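Here's the structure, in structure tokens; my notes come after.
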Amino acid sequence: MLAAERDRTVPSYVGVTRYLGGLAIAFFCLEVLTGILLMIYYRPSIGAAHLSTAVIIDEVNLGWLVRSLHRRGADFLLLLAAVHLFRVYLSRAYENPRQLTWATGIFLALVFVAFDLTGVLLPWDQYAYWATDFLRQALAAIPIVGHMVVTILWGGSDLAEAGLLRFYAFHIAVLPWVALFILSVHVMTVWRFGLKRPAQGDGTGSPRLFYPDFLTDFFLAFLVILGLLMSAAIVFPVRLGPAADPLSPLLAVLPRWYLMPLHQLLELVSSSVAAVVGGLALLVVFFLPALDAGTTESVRGRNVRVAIGVLVVAACVLLGVWGYRF
Ligand code: HEM
């Protein structure tokens with residue numbers, strides 16, 4: 001068994017884009033590490049959250065860097081997960097027998113979003129407060145379940161101590177275990193079924209050894225990206241705004257970048273239409289393996305699938321840029 005693992009090989013068709021999923025796992029581990037360091041000084045109460053974040057930035061040795069890495073790393077992790085899922089879509093690697101890999105991948109991306117949305121509130125500055133309050137209003141507008149979800153997550157109908165504590169508990173105690181469980185299933189299914197062979201292309205070159213060849217390249221790629229991320233965290237350190245003041249609303253609050261397309265859609269159509277479009281899009285993506293279950297795909301079918309994917313991504317980018325510009 002051990003000898004078999006040592007001799008495990010990686011087929012020649014496995015190119016750099018197949019590193020994306022592994023890199024996402026590595027950067028998730030970086031979030032866990034920096035998050036644990038932040039926990040040492042962070043205090044989750046409305047009287048102390050902002051002050052303790054200021055202490056992390058100004059007084060703790062390299063605290064500003066750890067915080068910036070945690071925040072910039074979160075952006076990067078979400079981007080990596082999105083590009084990884086898109087690559088899986090383009091190569092139709094969600095088809096049988098990899099339906100569970102696809103489903104757990106989507107769940108994992110949603111868990112990362114939940115990590116991000118709960119984390120953003122924690123510094124308790126004006127942006128944190130009003131961005132989270134905007135989210136509360138958007139969720140409360142969802143018919144039937146909206147108010148119930150808000151009451152459970154916010155601990156009431158307003159954002160106060162109970163909400164901060166719940167977001168913190170989700171961020172550091174609930175989501176990490178949920179993520180670990182889903183990640184384990186995701187990785188086990190990849191290990192079990194292997195990586196999908198491309199429809200065309202070179203499957204004929206000689207395979208590389210998983211250890212050390214593949215792992216060395218992977219580790220180098222991780223180090224280079226980590227260096228770039230560190231540089232971004234040093235050159236553009238994350239600022240801390242004034243402490244949250246529930247009596248002074250911010251005039252304009254931009255949502256997190258990945259919510260911008262949905263936010264812009266809300267500006268163009270009514271909130272119920274945007275909720276239906278968003279909900280349907282999520283359902284289609286989740287059930288893609290069932291909706292596109294044919295065994296072989298014609299060249300025309302492939303072109304149509306790729307065109308749909310590219311158009312959807314282009315529409316999201318357009319809506320996002322539009323939202324930031326106007
Ligand atoms: C076990 C894992 C994690 C732990 C223990 C943790 C812990 C923390 C703590 C203590 C803070 C508050 C400190 C502060 O506001 O600077 C924080 C903030 C934050 N976390 Fe995490 N975190 C974890 C994983 C993640 C992940 C996976 C993401 C994103 C995908 C994330 C995104 C954020 C964001 C965006 C903030 C706000 C940063 C800021 O503006 O200061 N965290 N986290």
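Both counts, for ligands and for their atoms, begin at 1 and track the order of listing. As a basis for the values below, the full set of heavy atoms in this structure was taken, side chains included, without hydrogen atoms, waters or symmetry mates. Note that the structure is a prediction, hence the values are computed from the model and not measured.
- Considering only non-hydrogen protein atoms, atom 15 (O) of ligand 1 sits nearest to Pro123 CG, 3.4 Å.
- Residues Thr216 and Tyr211 fail the side-chain proximity criterion, which asks for heavy atoms closer than 4.5 Å.
- The nearest protein atom to atom 18 (C) of ligand 1, hydrogens excluded, is given as His70 CD2, 3.7 Å; this is a heavy-atom distance.
- For ligand 1, the atoms sitting less than 4.0 Å from at least one non-hydrogen atom of Ile172 are 5 (C), 7 (C), numbered in the order shown with element in parentheses.
- At the shortest separation from atom 4 (C) of ligand 1 among protein heavy atoms lies Gly35 CA, 3.6 Å.
- Of all protein heavy atoms, the one closest to atom 40 (O) of ligand 1 is Arg71 NH1, 2.3 Å.
- Contact check for Leu117 versus Leu259: side-chain heavy atoms found under the 4.5 Å cut-off.
- In terms of protein heavy-atom proximity, atom 2 (C) of ligand 1 is nearest to Val32 CA, 3.7 Å.
- Closest to atom 29 (C) of ligand 1, if we only count protein heavy atoms, is Ala74 CB, 3.5 Å.
- Taking every heavy atom of Gly119 and a limit of under 4.0 angstrom, the matching atoms of ligand 1 come to 18 (C), 19 (C), 20 (N), 33 (C), 34 (C), 36 (C), 37 (C).
- Between Trp154 atom CH2 and Thr151 atom OG1 the span is 10.5 Å, to the nearest 0.5 Å.
- The distance from the NE2 atom of His50 to the CG atom of Leu122 is 13.0 Å, given to the nearest 0.5 Å.
- The protein heavy-atom contact nearest to atom 11 (C) of ligand 1 is Leu122 CD1, 3.6 Å.
- Side chains of Tyr258 and Asp116: a donor-acceptor N/O pair is present below 3.5 angstrom, by distance only.
- No side-chain heavy atom of Phe170 sits less than 4.5 Å from a side-chain heavy atom of Leu165.
- With distances taken over non-hydrogen atoms, the option nearest atom 30 (C) of ligand 1 out of Trp64, Phe27, Phe112 is Phe112.
- Short contacts between ligand 1 and Pro176, defined as distances under 4.0 Å to a heavy atom of the residue, involve ligand atoms 1 (C).
- The parts of Met39 lying near ligand 1 are both backbone and side chain, judged by heavy-atom distances below 4.0 Å.
- Side-chain polar atoms of Asp292 and Tyr94 form a donor-acceptor pair below 3.5 angstrom.
- Not one N or O of Arg256 is nearer than 3.5 Å to an N or O of ligand 1, by distance alone.
- Not one N or O of Asp116 is nearer than 3.5 Å to an N or O of ligand 1, by distance alone.
- Looking at Phe115 and Leu78, their side chains never come closer than 4.5 Å, going by heavy atoms from C-beta outward.
- By the 4.0 Å heavy-atom criterion, Ile56 is excluded from the residues contacting ligand 1.
- Salt bridge Arg239/Asp125: absent, no basic N to carboxylate O contact under 4.0 Å.
- Remark: ligand 1 atoms within the under-4.0 Å shell around heavy atoms of Tyr42 are 12 (C), 13 (C).
- Here Ser184 contributes atom OG and Trp191 contributes atom CH2; the two are 14.0 Å apart, rounded to the nearest 0.5 Å.
- Here atom 43 (N) of ligand 1 lies nearest to His171 when heavy atoms of His171, Arg67, Glu31 are compared.
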message: Run His263 and Phe134 through ring-ring contact (aromatic ring centres under 6.0 Å, His included) and show every step you take.
response: CA-CA 10 Å; His263 181 261; Phe134 180 82; 5.3 Å; yes

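- The nearest non-hydrogen atom to atom 24 (C) of ligand 1, considering only Tyr127, Phe115, Phe28, comes from Phe115.
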